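These notes are about the structure you will find just below.
None of the values given here were measured: they were computed from a predicted structure. Lettering follows sequence order; numbering is per chain, from 1.
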Amino acid sequence: MKIVTWNVNSLKVRLPQVLEWLADNPDVTALCLQETKMEDVVFPKADIEAAGFHVVFAGQKTYNGVAIIARAALSDVVINIPGFIDHQVRLIAATMQGVRLVCAYIPNGQALDSEKYPYKLSWLAALTAFLKKEMVVYSKLALLGDYNIAPHDMDVHDPKKWEGQVLVSGPERAAFQALLDLGLTDSYRLFDQPEKTFSWWDYRGFGFRKNAGMRIDHILLTKELVPLCSACVIDKEPRRNERPSDHTPVIASLLI
DNA sequence: ATGGCATGTCGAACATGA
C-alpha cells in the first residue's frame, strides 16, 4: 500500500486536482488531507465516493480541517485529540487494512512571541501523549501530516535566514524529537534522498522556481512498519499545476 | 526591515498561512 499526506490549502479549490492526482496514482491506498477549510455539511463526500473512494473528514469554516480518502474501508474514526480541549479541527485518525492512520495538521505557531506558539507546543504535547496510548493498541501506526516543523537544517533552503524562527526553533524541534522518542521513525530519512528536497514552497517571490522551500510534511512510522517501508518520496508534480497548493504530496510505500 | 501570494470572509480590507 501507499499512504500519502498532502496539505491542499482549501479542498474547495483543489478537489479537481486531488481527484486527478488520485486517478494518476492508482496505487495510492490512502491520502491524508490537511487544510480542507470547510464545514462537514459542505464537504464533497458524494463526489469523492462517486469516484470510488471511502472518505472520513472533519472540518470547520475558513481554517484547518482534515480528511482521509482511501481505496479501502476506514474504521474506528477518532476526531481531534481525546481529552484535549481544542476549538480547531486538526486531527482525524482511522484504521485501514490493519494500519492506524493518524492525519494531523499541526499548528503553525505564527511566531515565537505569538500566543499561537505556546498553543502549538501544547498541541504537540497532547499529540505525543495521545500517540503513546494509540501505539499500545495499534503496533502498525503512521503519523501523516503537515507538522509545520522542519526537523533539521537540511530540511530548510536557507537555515541562516530561518535560524531561531518558527518552524525551526529549538522547542519545536524538541517536540519533533519527542515524537521520535515514542519509537517513531521519519520514513523519508530511511532512504538516500536528493539534497534540498522540500514539501512546501512560499507562493511569494518565486519560491518554487527558486526551490526556496522547507520539508515540513512528514510520515512517521512505528517500529513494526519501518521494515515494511520500501520507499518515501515527495511528488513535486502537483506544484506545477495551475493554482497549486503550496504543499506537495509525500508518499510512503509499505509492503502490505 | 517589510512585503511579496493565495484563500476565505457575507461584499472590502483583513486575518492567516509558513
Side-chain angles (χ1 to χ4, degrees), chain A residues 5-18 32-44 57-67 86-91 103-124 127 144-176 188 196-219 234 236 238-250:
Chain A
T5 181
W6 189 7
N7 179 326
V8 289
N9 184 20
S10 168
L11 187 58
K12 185 182 174 188
V13 174
R14 235 68 69 184
L15 179 63
Q17 293 183 43
V18 168
C32 296
L33 303 178
Q34 302 87 36
E35 285 207 85
T36 55
K37 298 188 179 180
M38 50 174 60
E39 291 178 303
D40 293 348
V41 287
V42 296
F43 191 91
F57 52 90
Q60 62 185 100
K61 196 187 278 190
T62 311
Y63 302 118
N64 311 311
V66 283
D86 198 348
H87 301 294
Q88 306 185 19
V89 184
R90 293 181 170 275
L91 183 139
C103 170
Y105 176 45
I106 291 169
N108 171 279
Q110 195 169 64
L112 270 64
D113 59 357
S114 165
E115 72 280 355
K116 292 176 184 142
Y117 185 75
Y119 167 68
K120 179 179 192 172
L121 295 178
S122 63
W123 203 95
L124 280 157
L127 173 67
L144 311 95
D146 175 358
Y147 288 56
N148 273 309
I149 300 172
H152 300 287
D153 280 354
M154 72 171 97
D155 303 311
V156 182
H157 71 278
D158 187 346
K160 277 189 182 168
K161 182 178 166 185
W162 279 86
E163 191 173 3
Q165 295 198 59
V166 75
L167 311 193
V168 306
S169 73
E172 290 164 85
R173 286 180 167 172
F176 187 87
Y188 193 71
K196 309 259 180 200
T197 46
F198 307 122
S199 64
W200 168 86
W201 299 262
D202 202 312
Y203 283 123
R204 301 165 291 187
F206 303 104
F208 183 62
R209 202 179 300 179
K210 296 194 286 196
N211 197 31
M214 313 270 277
R215 192 176 70 93
I216 54 177
D217 301 271
H218 310 295
I219 301 174
I234 295 171
K236 284 164 70 169
R239 193 62 168 77
R240 299 187 176 97
N241 292 347
E242 261 187 63
R243 297 190 79 184
S245 169
D246 43 356
H247 297 251
T248 56
V250 181

> Of all residues at least two apart in sequence or in a different chain, which pass the ring pair (Phe, Tyr, Trp, His ring centres under 6.0 Å) check with A/Tyr188?
Replying inline: none

> Base, sugar-phosphate alone, or nothing: which one does A/Asn64 contact when heavy atoms must sit under 4.0 Å apart?
Replying inline: nothing

> Considering residues at least two apart in sequence or located in another chain, which fulfil the ring pair (Phe, Tyr, Trp, His ring centres under 6.0 Å) criterion with A/Tyr117?
Replying inline: none

>> Test of understanding: with side-chain contact (heavy atoms from CB on, under 4.5 Å), list the residues that count as partners of A/Asn108, not counting sequence neighbours.
In response: A/Gln110, A/Asn148, A/Leu167

>> Please list, in numerical order, the residues of residues 35-44 of chain A that have a heavy atom closer than 4.0 Å to any atom of DNA chain B.
In response: A/Glu35

>> Just to be sure I understand the geometry, which residues of residues 103-113 of chain A put a non-hydrogen atom under 4.0 Å away from DNA chain B?
In response: A/Tyr105, A/Asn108, A/Gln110

>> For A/Lys196, give me all partners under side-chain contact (heavy atoms from CB on, under 4.5 Å), at least two apart in sequence or on another chain.
In response: A/Phe198, A/Asn211

>> Under the rule for side-chain contact (heavy atoms from CB on, under 4.5 Å), what residues qualify as partners of A/Arg240, not counting sequence neighbours?
In response: A/Phe208, A/Lys236, A/Glu237

> Passes salt bridge (charged side-chain N to carboxylate O under 4.0 Å, His left out), A/Asp246 versus A/Arg204? Steps please.
Replying inline: CA-CA 10 Å; A/Asp246 43 356; A/Arg204 301 165 291 187; over 6 Å; no

> If only atom types and distance count, is the side chain of A/His218 paired as donor or acceptor with the main-chain N or O of A/Ile149 below 3.5 Å?
Replying inline: yes

> Which salt bridge (charged side-chain N to carboxylate O under 4.0 Å, His left out) pairs, counting each pair once, include a residue from residues 113-122 of chain A, with sequence neighbours left out?
Replying inline: A/Lys120-A/Glu172

> 5' to 3' on DNA chain B, which nucleotides open and close the contacts with chain A (atom under 4.0 Å from a heavy atom)?
Replying inline: B/dG4 to B/dA18

>> Can you list everything that forms a side-chain contact (heavy atoms from CB on, under 4.5 Å) with A/Arg243? Sequence neighbours excluded, please.
In response: A/Val13, A/Arg14, A/Gln17

>> A/Tyr105: which residues meet the ring pair (Phe, Tyr, Trp, His ring centres under 6.0 Å) condition with it, sequence neighbours left out?
In response: none

> For DNA chain B, which residues in residues 197-213 of chain A have a heavy atom at a distance below 4.0 Å?
Replying inline: A/Trp200, A/Tyr203, A/Arg204

